[in-house]
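Numbers here simply count residues along the sequence, with the first being 1. This is a predicted model, so every value here is computed, not measured.
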Amino acid sequence: MINIKEDAKLNILNHSCAHLLAQAVSHLYKDAKFWVGPVIDDGFYYDIDLGDVAIKEEDLPKIEKEMKKISKDGKRIVRREITKDEALEMFKDDPYKLDLISHMDGEETVISCYTQGDFTDLCRGPHVESVKEIKHFKLLKVSGAYWKNDAKNKMLQRIYGVCYETEEDLNEHLFMLEEAKKRDHRKLGKELGLFMISEFAPGMPFMLPNGMILRNELENFWYSEHSKAGYEFIKSPVIMSKELWETSGHWDHYRQNMYTTKVDEHDYAIKPMNCPGSILVYKNSLHSYRDLPIRMGELGLVHRHEASGALNGLFRVRSFTQDDAHIFLREDQIESEVVGLINFIDKFYGVFGLTYDIELSTRPEEGYIGDIEVWNKAEKALEDACHAAGRKCTINPGDGAFYGPKLDFHVHDSLNRVWQCATIQLDMNLPERFDCTYVDSDGEKKRPLMIHRVVFGSIERFIGIIIEHFAGAFPLWLAPRQIVIVPVHQEKHLEYANKVKETLENVGLRVEIDNRNEKIGYRIREAQTSKIPYTLVVGDGEVENNTVTLRKYSHKEQVSMTLSECVAKLKEERDNKVYEK
C-alpha cells in the first residue's frame, strides 16, 4: 500500500480533502469547531468539536454527499498571508484556532490560510487549485480523540478519510483495507487459538497452545540458523540492579519506560533491553583480538511501559521477546561482519516470502558521542557493506542513534504494507561506558566496537506480522495444525485413518483425525475454515489401495497418492520450509 504521507501528490490531495471534509461538516453542523486535520500514512483525519452532537458511522455518507456537492461547485482554493493580529480577529470565536495562533512565534509572524467558498482554515499548505480536483474520496471511520492527545482535555471527534487521484486507485485502496480487516491478527489470533490478552495483564500476551507451537517453530528455526552462523547463546536475568542501568544510561534516559522494584531495600529494574546483560557476559572473561568477532545470541524477555491507548494486539505490547544478538568486533571487521549479517537477514526473510528495503541512518546533528572521524568510518563501512552484499540502501540523514549509525530493514508483506523489523546498529558508547576491552596483537588493551542486531525484531510482533502476511494460512512447517484426516465412514475407515496418522507422526508431522458424527462435506469445509494446510480423505478405495486423497488448503482439486508418496511429499515440504506465493 502507498504511504500517502510520503507521496507528494497524494499528500497535497489528502490535505486538501481534509479541508473539504471540514467545510462539509461546517455546513451540516453549524456549531462545529475544528482543531487539526493532518495527512497520515493511509489518508487523513480531522479532529472536530461538535458539542453534544455525536457523529456515527452511519452519518458519514451524509457528510460525503455534502463534500461531493461542494466539489462539483468547483470553487478555487485561495491562499492568503495574514498577520497574527488579523488571524486572532478572524478566528476570535474559535478557541481551538486561537490556541494554535497563540503558540505561533512573534507578533510579526506571517500566517497562511486557505479559503474555498464560505470556508477558511489555517494551514501551511500547499493545496490543489480547486475543490473540483477532489473527487475520489471515502470517509472511513469516526473515533474519539482527546484535544492535544491529553486525557485531561476534552474528547473531540476524529473523522478519518482517504483521497486518490482516480476512482480505480481509490477502489484498490479500499479493497486492500477490507483485505487487511480480514487478516487482522487480533481476529485471526482468536479464531485460530494462537494468543489472548487478559485485563489482568494489559499489553502482555498469553500464548495459547496453537500459538506456542507456532512460536516454538520460529524459535527452533532461529536457534538452528544462528548455530550454523557461529553464534553462542546466553540468557541474562530479567531483573538487574539500578547501578547497571545507571552505567548503561537507561536509568537517566529511559526510566519512565521501565518497571522498577525494590529488593532488600535496593532499587532494581526489569530489563527493557538485553544489551547490558550481554556486556556483563563479555566482561566475564578476557579476550584476545583473535577471539573477535564474538557473537552472542539471546531470546531475551523485556518489559517496557507503553501508554494503554497505544497497545495493539501483538504489534504494541509491554512484554515481549527480542531476538537479540550482540557482536563484539574490531573496527577492521565491520564491513565483512555487516555483509554477513545482511545476507543472514535476507535468508531469514526469504523463508517467509518477505521483501525489504534497507535504510542507513547517519549521525545526528547534535547529542552524538564519539569523534566525527569514527562516525564517518562507521557510516561508510555500513554503506560499503550494503553494496558489497549487492543491496541498495537509502540514506536517512541525522536519524542514527546517539551512539552510532544503523541499518534498518523495512519489510513489505503480502499487502505491500511496510514494517520495520531487522536492524543492525553500530555502538561506540556502551563498550566505553562498561570499559570493555580486548588484547590486541601488540599486547595493548583496545576497545571493541559493538553491534546490536535483531532479525524478527520481537517474536510477538513478528508473529502478528506473519499472521496477517499469510492471512492465518501458514506454510506447512509453521502451521500449528498441519494435517487433518477425514474418514468417510467414522467406524469403517477409522482403523486405516489411525494407521495413516501413526505413519505421518513417525516423521514428526502434526496430525489429527476428524471422526465426528458429521457429513464428510461439513468436516472438509471446517478443515478449510480452520486453515489447516492439508486434508486427507480416506474411504473404501484408500483402504483397499493403501492410498490417501489429499486436498491442499484453498485448492479445489484433490490428488490421490500412495501413503508412502504422501509421507515423502509432506516431509519434503516441511523440511524445505516451502510456502505458496
*Using a strict cut-off of less than 4.0 Å between a Lys/Arg side-chain nitrogen and an Asp/Glu carboxylate oxygen, indicate whether Asp42 and Lys5 qualify as a salt bridge.*
no
*Pair Phe233 + Tyr223: ring centers closer than 6.0 Å*: yes
*So, for Val537 and Glu542, which heavy atoms are closest and what is the spacing to 0.1 Å?*
O-CG, 3.6 Å
*Do we get Lys531 above Tyr553's six-membered ring, with its NZ or CZ under 6.0 Å from the centre and within 45° of the axis?*
no
*Between Trp419 and Phe462, ring centroids under 6.0 Å*: no
*Would you mind reporting whether Ile467 and Phe195 have side-chain heavy atoms less than 4.5 Å apart?*
yes
_Criterion salt bridge (Lys or Arg N to Asp or Glu O under 4.0 Å) on Lys380 and Glu383, from CA distance to verdict_ = CA-CA 5 Å; Lys380 186 176 187 304; Glu383 188 170 11; over 6 Å; no
*Would you check if the distance from the ring center of His185 to the ring center of Phe315 is below 6.0 Å?*
yes
*Test ring pair (Phe, Tyr, Trp, His ring centres under 6.0 Å) on His287 and Phe328 and set out the steps.*
CA-CA 10 Å; His287 302 285; Phe328 299 87; 7.6 Å; no
*Taking only Lys NZ, Arg NE, NH1 and NH2, and the carboxylate oxygens of Asp or Glu, determine whether Lys271 and Glu298 approach each other closer than 4.0 Å.*
yes
*Do you see a donor-acceptor pair shorter than 3.5 Å between the side chains of Ser319 and Arg304?*
no
*SB check Glu306 Arg318 (cutoff 4.0 Å)*: no
*asked:* More than 12 heavy atoms of other residues, nucleotides or ligands under 6.0 Å from CD of Glu167: yes or no?
replied: no
*Under 6.0 Å from the CD atom of Glu512, do we count more than 12 heavy atoms belonging to anything else shown?*
yes
*So, are Glu505 and Lys501 salt-bridged, with charged N and O less than 4.0 Å apart?*
yes
*Would you mind checking if Arg417 and Glu179 are paired as a salt bridge, meaning a charged N to carboxylate O distance below 4.0 Å?*
no
*Carefully, step by step, assess Phe320 and Ile459 under the rule side chain to side chain contact (heavy atoms under 4.5 Å, CB included).*
CA-CA 7 Å; Phe320 57 97; Ile459 297 289; over 6 Å; no
_Atom NZ of Lys577: over 12 foreign heavy atoms under 6.0 Å_ = yes
*Looking at Arg295, Glu337, Gln333, Lys406, which hits side chain to side chain contact (heavy atoms under 4.5 Å, CB included) with Ile451?*
Glu337
_Taking the side chain as everything from C-beta on, heavy atoms only, tell me whether Leu570 gets closer than 4.5 Å to Ile483._
yes
*Quick one: does Ile463's side chain get under 4.5 Å of Arg215's, heavy atoms only?*
yes
*Locate the shortest heavy-atom distance separating Lys141 from Glu57; write the atom from each residue and the value.*
CA-OE1, 3.4 Å
*Min side-chain heavy-atom separation Leu536-Val484 under 4.5 Å*: no
*Can we call the ring centroids of His305 and Tyr259 under 6.0 Å apart?*
yes
*Which is it for Val338 and Leu382 under the side chain to side chain contact (heavy atoms under 4.5 Å, CB included) test, yes or no, and what are the steps along the way?*
CA-CA 7 Å; Val338 173; Leu382 290 180; 3.7 Å; yes
_Quiz question: by atom type and distance under 3.5 Å, do the side chains of Arg523 and Thr535 form a donor-acceptor pair?_
no
*Whether His452 and His326 hold their rings parallel, tilted or perpendicular, with breakpoints at 30° and 60°*: perpendicular
*Distance only, no hydrogens: is a donor on one side chain within 3.5 Å (strictly under) of an acceptor on the other, for Tyr522 and Glu526?*
yes
*asked:* Would you say CD of Glu572 has more than 12 non-hydrogen atoms from neighbouring residues, nucleotides or ligands within 6.0 angstrom?
replied: no
*Check each of Leu407, Thr423, Asp323 against Arg453 using the side chain to side chain contact (heavy atoms under 4.5 Å, CB included) test, and report the only one that passes.*
Asp323
*asked:* Less than 3.5 Å apart, any donor N or O on the side chain of Asp291 or Ser288 sitting next to an acceptor on the other?
replied: no
*Answer yes or no: are there more than 12 heavy-atom neighbours, outside Lys187 itself, under 6.0 Å from its atom NZ?*
yes
*Is it true that a side-chain atom of Arg551 and a backbone atom of His555 form a donor plus acceptor pair closer than 3.5 Å?*
yes
*Does a donor on one side chain sit under 3.5 Å from an acceptor on the other, for His412 and Asp357?*
yes
*Is the shortest heavy-atom distance from the side chain of Asp346 to the side chain of Arg391 under 4.5 Å?*
yes
*Is the closest basic N to carboxylate O distance between Glu565 and Lys569 below 4.0 Å?*
no
_I'd like to know whether CD of Glu518 has more than 12 heavy-atom contacts from other residues, nucleotides or ligands below 6.0 angstrom._
yes
_Any donor-acceptor pair under 3.5 Å linking the side-chain atoms of Asn14 with those of Tyr164?_
no
_Between Leu174 and Leu170, does the side chain to side chain contact (heavy atoms under 4.5 Å, CB included) criterion hold? Intermediate values first, please._
CA-CA 6 Å; Leu174 296 177; Leu170 175 64; 4.1 Å; yes
*Residues Asn546, Lys499; criterion side chain to side chain donor-acceptor pair (under 3.5 Å); working and verdict*: CA-CA 10 Å; Asn546 200 39; Lys499 175 190 172 183; 2.9 Å; yes
*How far apart are the C-alpha atoms of Leu208 and Leu194, what are their side-chain angles, what is the distance that settles it, and do they pass the side chain to side chain contact (heavy atoms under 4.5 Å, CB included) test?*
CA-CA 5 Å; Leu208 302 177; Leu194 301 176; 6.0 Å; no
*Indicate yes or no: at least one non-hydrogen side-chain atom of Ser236 is less than 4.5 angstrom from one of Leu280.*
no
*For the rings on Phe348 and Phe456, is their centre-to-centre separation under 6.0 Å?*
yes
*Aromatic rings Phe221 and Trp477: how do their planes relate, parallel, tilted or perpendicular, breaks at 30° and 60°?*
perpendicular
_Residue pair Thr547 / Ser560, side-chain heavy-atom distance below 4.5 Å_ = yes
_Side-chain donor-acceptor contact under 3.5 Å, Gln528 with Ser554_ = no
_Take a 6.0 Å sphere around NZ of Lys283 and say whether it holds more than 12 heavy atoms from other residues, nucleotides or ligands._
yes
*Would you check if there is a donor-acceptor pair between the side chains of Tyr534 and Glu573 at a distance under 3.5 Å?*
yes
